[in-house]
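All remarks here apply to the structure that follows.
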Amino acid sequence: MSKNQSFSEIIKGDTPVLVDFHADWCGPCKMMAPVIEQFSQEMGEKIRILKVDVDRNPKAAATYQIQGVPTFILFKKGNIVWKQAGAVPLHILRQTISSHL
């Protein structure tokens with residue numbers, strides 16, 4: 001993420017953005033980290049992935065009504081097209097996100 005682009009500018013861009021709302025103390029978040037990393041490598045330039053720490057960004061967590069972590073939100077041109085709380089297996093993530101590209 002370039003320092004010149006705000007969160008809202010990034011999620012409104014042409015590239016779909018998957019936001020991973022997480023916390024350092026969250027076990028399932030730690031389990032999801034390698035899954036997100038692998039997914040990111042598979043998808044390449046087709047999608048952007050942002051990780052948002054809810055403890056460091058409480059305003060963002062409140063704005064998107066994050067009740068638990070991890071929570072994943074897929075934005076397409078600024079609109080939420082998918083939201084899921086809890087750990088998501090790679091094949092489900094791949095299938096769900098691909099259907100929105």
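Counting from 1, the numbers follow the sequence of the chain as shown. What you see is a predicted model, and the numbers here were worked out from it, not measured in a lab.
Residues Ile36 and Leu93 approach most closely at CD1-CD2, 3.8 Å, considering heavy atoms. The nearest pair of heavy atoms linking Pro28 to Pro70 is CB-CD, 3.8 Å. Minimum interatomic distance between His100 and Trp82 (heavy atoms only, all atoms of both residues): NE2-CB, 4.0 Å. Nearest heavy atom pair, residue Ile80 against residue Lys83, reads CG2-CB, 4.4 Å. Nearest heavy-atom pair, Cys26 versus Val69, reported as atom, atom and distance to 0.1 Å: SG-O, 3.6 Å. A pairwise comparison of heavy atoms in Arg56 and Asp24 identifies NH2-OD2, 3.2 Å as the closest pair.
Under a hydrophobic clustering in which Ile, Leu, Val, Met, Phe, Trp and Tyr are joined whenever their side-chain heavy atoms come within less than 4.5 Å, directly or via other members, Val19 and Val81 fall into different clusters. Linking Ile, Leu, Val, Met, Phe, Trp and Tyr residues whenever their side-chain heavy atoms come within less than 4.5 Å places Leu74 and Val35 in a single cluster. Following chains of ILVMFWY side-chain contacts shorter than 4.5 Å, one cannot reach Val88 starting from Ile73, and the two form parts of different hydrophobic clusters. Each of Val54 and Leu18 belongs to its own hydrophobic cluster when Ile, Leu, Val, Met, Phe, Trp and Tyr are linked at side-chain heavy-atom distances under 4.5 angstrom. Ile47 and Phe7 are not part of a single hydrophobic cluster, where members link through side-chain heavy atoms under 4.5 Å apart.
Once rounded to the nearest 0.5 Å, the distance linking OH of Tyr64 with CD1 of Ile11 reads 3.5 Å. Rounding to the nearest 0.5 angstrom, the gap separating the NZ atom in Lys51 from the CZ atom in Phe72 is 7.0 Å. For the atom pair Ile92 CD1 and Ile97 CD1, the distance stands at 11.5 Å (nearest 0.5 Å). The distance from the CG atom of Leu101 to the OG1 atom of Thr96 is 11.0 Å, given to the nearest 0.5 Å. Atoms NZ and OG1, on Lys77 and Thr15 in that order, are 8.5 Å from each other to the nearest 0.5 Å. One distance of note links CD of Gln41 with CD1 of Ile49; it measures 10.0 Å at 0.5 Å rounding.
No more than 12 heavy-atom neighbours from other residues, nucleotides or ligands sit within 6.0 angstrom of NZ on Lys46.
Within the 4.5 Å cutoff, side-chain heavy atoms of Arg94 are placed close to those of Glu42.
In this structure, the side chain of Ser98 does not engage the main chain of Gln95 through any donor-acceptor pair within 3.5 Å. The backbone N or O of Asp55 sits less than 3.5 Å from a side-chain atom of Asp53, completing a donor-acceptor pair.
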